[in-house]
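Below: one structure, written as structure tokens.
Chain letters run A, B, ... following the sequence lines, proteins first, then strands; residues in each count from 1.
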Amino acid sequence: HGPMQKMYWAADPLQDFGFSIDQCSEHLKSNINIRFGIILREDIKELFLDASLLTGGVPFLNYSYPICEEDLPKFSFCGRRKGEQIYYAGPATNLGFEIPKGEHQILLKLYNENHSMVACANATIICS
Amino acid sequence: IMWPTRLAGMLLPAMAFLSCLRPESWDPCVQVVPNVTYQCMELNLYKIPDNLPTSIKNLDLSFNPLRHLGSHSFSNFSELQVLDLSRCEIQKIEDDAYQGLKHLSILILTGNPIQSLAPGAFSGLPSLQTLVAVETNLASLEDFPIRHLKTLKELNVAHNLIDSFKLPDYFSNLPNLEHLDLSNNKIRNIYHEDLQVLHQMPSFKLSLDLSLNPLDFIQPGAFEKIKLHELTLRSNFDSAEVMKTCIQGLAGLKINRLILGEFKNERTIVNFNKSALEGLCNLTIEEFRIAHFDEFPGDDLGFLNCLPEASTISLMGLYLDELKIFPKGFKWQYLNLSKCIFEHFPTLELTFLKQFVFTANKGITTFTKVNLPNLEFLDLSKNGLSYKSCCSHRDFGTTQLKHLNLSFNNIISLDFQHSTLKQASDFSVFLSLKNLLYLDISYTNTKIVFLRIFDGLISLQVLKMAGNSFQDALLPNIFRDLTQLTELDLSQCQLERVSQEAFGSLLRLQVLNMSHNHLLSLDMLPFKNLSLRVLDCSFNRIVAANGQELQHFPSNVTSLNLNQNNFACVCEHMRFLQWVQDHRHILVGAEHMMCEKPLAMQGVPVLSFRNATCQMSKTIISVSVLSVLVVSVAAVLVYKFYFHLMLLAGCKKYGKGESTYDAFVIYSSHDEDWVRNELVKNLEEGVPPFQLCLHYRDFIPGVAIAANIIQEGFHKSRKVIVVVSRHFIQSRWCLFEYEIAQTWQFLSSHAGIIFIVLQKVERSLLRQQVELYRLLSRNTYLEWEDSVLGRHIFWRRLRKALLDGKPWSPEGTEDAESSQDEATTST
């Protein structure tokens with residue numbers, strides 16, 4: 001609904017992974033609400049996000065962010081155990097830039113302190 | 001015929017051995033460490049695989065639909081230490097399921113929807129230390145059949161349905177229990193009797209996590225006289241009032257570490273107010289940590305006044321706009337303020353503080369002085385702070401500082417002189433200081449080994465590093481990134497050599513101090529292309545500079561100091577010494593530059609060295625070389641043309657006088673018969689008689705052949721008869737005589753050479769004597785023909801030639817002619 005569409009699928013066929021963004025407008029607000037669910041295959045004492053934004057296969061933005069740090073983590077899902085189900089519904093910090101018009105691919109990778117992949121996803125954003 | 005069978009005999013056991021080793025034998029599990037660790041995660045196993053070695057210690061069976069664990073399920077694996085059964089859809093665990101696992105230390109049951117747990121489900125686990133039963137539908141600790149697990153240290157029952165905080169009585173059987181994770185359960189109320197067991201076990205050092213429980217009420221006095229190691233309460237309260245009553249309910253607790261806070265994605269208190277934390281005054285807290293309160297009342301940190309005796313305070317992820325009223329004089333030793341938002345840098349006056357971590361904060365841009373006299377550890381990284389200057393002891397009010405982290409800030413000036421920097425040359429320590437303009441690491445006992453030590457200092461303008469040292473006393477190119485540098489102090493660094501590329505990137509360098517080093521020569525190549533204005537190389541051991549490199553000396557230099565060096569005032573360094581004279585206008589104290597060598601010149605001003613002395617010796621050398629050359633050339637010439645000269649001398653002596661002989665005959669001894677029988681006979685006995693000079697007859701014995709040839713042969717003869725034959729050309733003496741004859745002909749104009757070709761000489765042979773060949777083809781010569789007519793003509797022509805220039809006696813001539821004719825006729 002609206003000028004922006006997002007499609008996603010898990011890059012890892014074994015992952016039980018769900019993701020959705022509630023708000024769909026051309027200019028992302030500073031805090032967008034997302035919903036995210038996963039059954040963990042790894043402990044996540046620490047969790048890191050690597051995101052790349054590509055247009056026509058050419059990356060134009062790479063973004064790395066520590067989501068969970070060991071000492072007093074920000075989010076309640078930090079420190080969860082392998083086999084545990086987590087569900088997150090809430091705000092996600094906006095990356096702080098406008099998405100230019102066109103079709104873009106987003107590559108998301110979540111990995112833990114041992115560099116084991118926790119989740120990964122490809123998404124396509126069509127911004128018109 | 002034998003060897004194939006032998007080969008087969010060897011191969012068969014080998015193959016049998018290899019087949020035992022093939023990896024599929026553990027199928028479908030993955031062997032991580034042979035016989036120890038096996039990974040069977042998510043393999044759709046309905047039962048525990050039986051083909052694993054019995055020695056296995058770590059087994060991961062997670063994500064398999066095992067559904068039900070019967071008794072003695074793992075009896076094959078008595079050595080197991082770690083068993084992971086995460087999300088195995090286990091609903092039922094029967095009695096003695098783990099029986100026999102004497103060594104099992106960690107049991108993980110996360111994510112199993114357990115509905116039936118037999119009372120003896122965990123029996124026979126005498127070594128179990130960690131039991132993880134996260135998300136297992138557990139509703140009560142009371143019914144959890146673990147009372148016999150005396151070795152248990154950590155019990156994790158987070159993310160369950162537990163609604164009571166009643167710590168079961170059997171905890172008194174678990175004297176080693178240290179960690180109890182009850183987070184993310186349904187606990188609402190905590191009553192006095194829930195903690196009864198803790199009263200009975202005063203030696204307990206329990207760490208308790210109650211985060212994410214929807215706490216409503218803690219009965220006052222419930223924690224009275226209770227000791228805990230750690231209590232975590234994050235995202236527990238729906239409102240400030242609830243929080244206030246619950247904190248008050250903790251009154252009387254003695255605790256090592258209390259952690260309060262929220263999670264960004266969980267329930268938050270909307271209207272936080274300062275009263276919420278008032279109750280802290282009733283607790284005894286060693287370490288207090290507070291994290292991520294979204295709506296924290298930044299104007300009131302009054303609660304900190306409840307913690308004067310605490311040793312550690314940590315405030316993380318808070319919005320604190322007023323920190324001016326930060327408490328003073330407390331006994332805090334460790335203070336951590338990170339990920340907060342500040343309006344002002346906190347004014348700190350804490351006498352006991354040893355460690356101050358102030359990182360990743362936002363909102364402030366300038367650092368203000370603090371007074372922390374016992375501070376040893378300071379982390380100010382990731383703040384984006386601007387420092388005009390750092391780091392004097394006045395900035396921090398301490399002289400005890402041992403560790404300083406200033407990464408990711410906006411520091412303009414850093415001054416570490418006379419500190420001791422450890423590990424400064426192990427990695428690019430200044431990498432993130434891209435705005436730094438001034439860096440002083442003088443006298444910090446730093447030995448520069450790592451070449452990229454100054455990487456990242458892209459804005460640096462002044463670098464002072466006097467009094468340090470370099471590996472191998474060589475200055476390498478360590479200034480790669482310092483393209484903006486204008487001033488560099490490298491004095492007292494024990495430098496002996498400077499690499500040619502050392503200053504290659506410092507195109508803006510204006511002032512360079514290399515004094516008080518051990519440089520042996522003034523190398524100009526490193527300074528090539530620099531826009532240097534001031535160069536100080538005084539107090540080194542410079543002997544001279546390479547004369548070839550002097551042209552690379554930067555032209556902008558207005559001040560050059562070369563005093564107190566070991567100059568060698570010798571002609572070898574003439575170009576350098578001349579250069580010094582030419583540049584005396586830019587040399588600082590040029591008149592005080594003294595020679596050190598040679599001994600005779602010691603203490604003499606360099607400027608008084610006169611190049612003229614070198615010039616003079618140069619002339620002498622060149623003249624003597626030239627004369628030697630001339631003499632040797634002359635000697636060579638004389639040697640080569642000795643006989644020609646003799647001839648010349650003789651010409652003058654005998655030139656005017658009468659000739660003794662009419663002709664000197666040059667011939668090969670092989671042709672002697674012809675000369676005796678024909679030539680001598682015909683010419684000497686004919687009319688008029690000619691006097692021939694023949695070596696066998698006329699040469700004076702006792703005189704050298706060459707001398708005879710010249711003195712007797714040439715000088716005393718009017719003409720020379722050359723008897724050309726094959727032998728003549730092959731004879732060295734003949735050719736020598738012929739060569740002299742040519743010179744002789746050249747010297748005395750009247751002389752003539754008469755050629756007689758005795759026998760037809762092969763042209764090829766003749767060509768070897770180019771001169772002779774040319775002469776014969778240009779001049780008329782006589783050819784000996786052994787026929788009557790030929791002889792007649794021959795002798796007539798020869799006589800005629802010999803008569804030329806002979807003093808005239810007509811009668812004799814005619815007689816001779818007639819008698820000759822007669823003789824010829826008679827023969």
Discussion item. Show, in sequence, the C-alpha distance, side-chain angles and deciding distance for B:Leu85 and B:Tyr98, and conclude whether the side chain to side chain contact (heavy atoms under 4.5 Å, CB included) test is met.
Written reply: CA-CA 12 Å; B:Leu85 293 167; B:Tyr98 307 102; 3.7 Å; yes
Worksheet entry | Contacts of B:Phe288 that satisfy ring-ring contact (aromatic ring centres under 6.0 Å, His included) - sequence neighbours left out |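 Per chain and number, B:Phe288 pairs via ring-ring contact (aromatic ring centres under 6.0 Å, His included) with B:Phe303.
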Worksheet item: When only pairs under 4.5 Å are counted, which of B:Cys88, B:Ala158, B:Ser86 shares the most heavy-atom pairs with chain A?
Response: B:Ser86
Worksheet, complete the sentence: One option among B:Met316, B:Arg289, B:Glu266 has the most heavy-atom pairs under 4.5 Å with chain A, and it is B:Arg289
Which bit of [X] comes within less than 4.5 Å of chain A, counting heavy atoms only: side chain, backbone, both or neither?
X        : value
B:Leu109 : neither
B:Ser235 : neither
B:Asp209 : neither

Worksheet item: Does a side-chain heavy-atom distance below 4.5 Å link B:Thr136 with B:Asn160?
Response: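 Heavy-atom side-chain distance check passes, below 4.5 Å.
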Worksheet entry | Under the salt bridge (Lys or Arg N to Asp or Glu O under 4.0 Å) test, residues paired with B:Asp84 that sit two or more places apart | A:Lys82
Worksheet item: Are A:Tyr111 and A:Phe48 close enough that their ring centers fall under 6.0 Å?
Response: yes
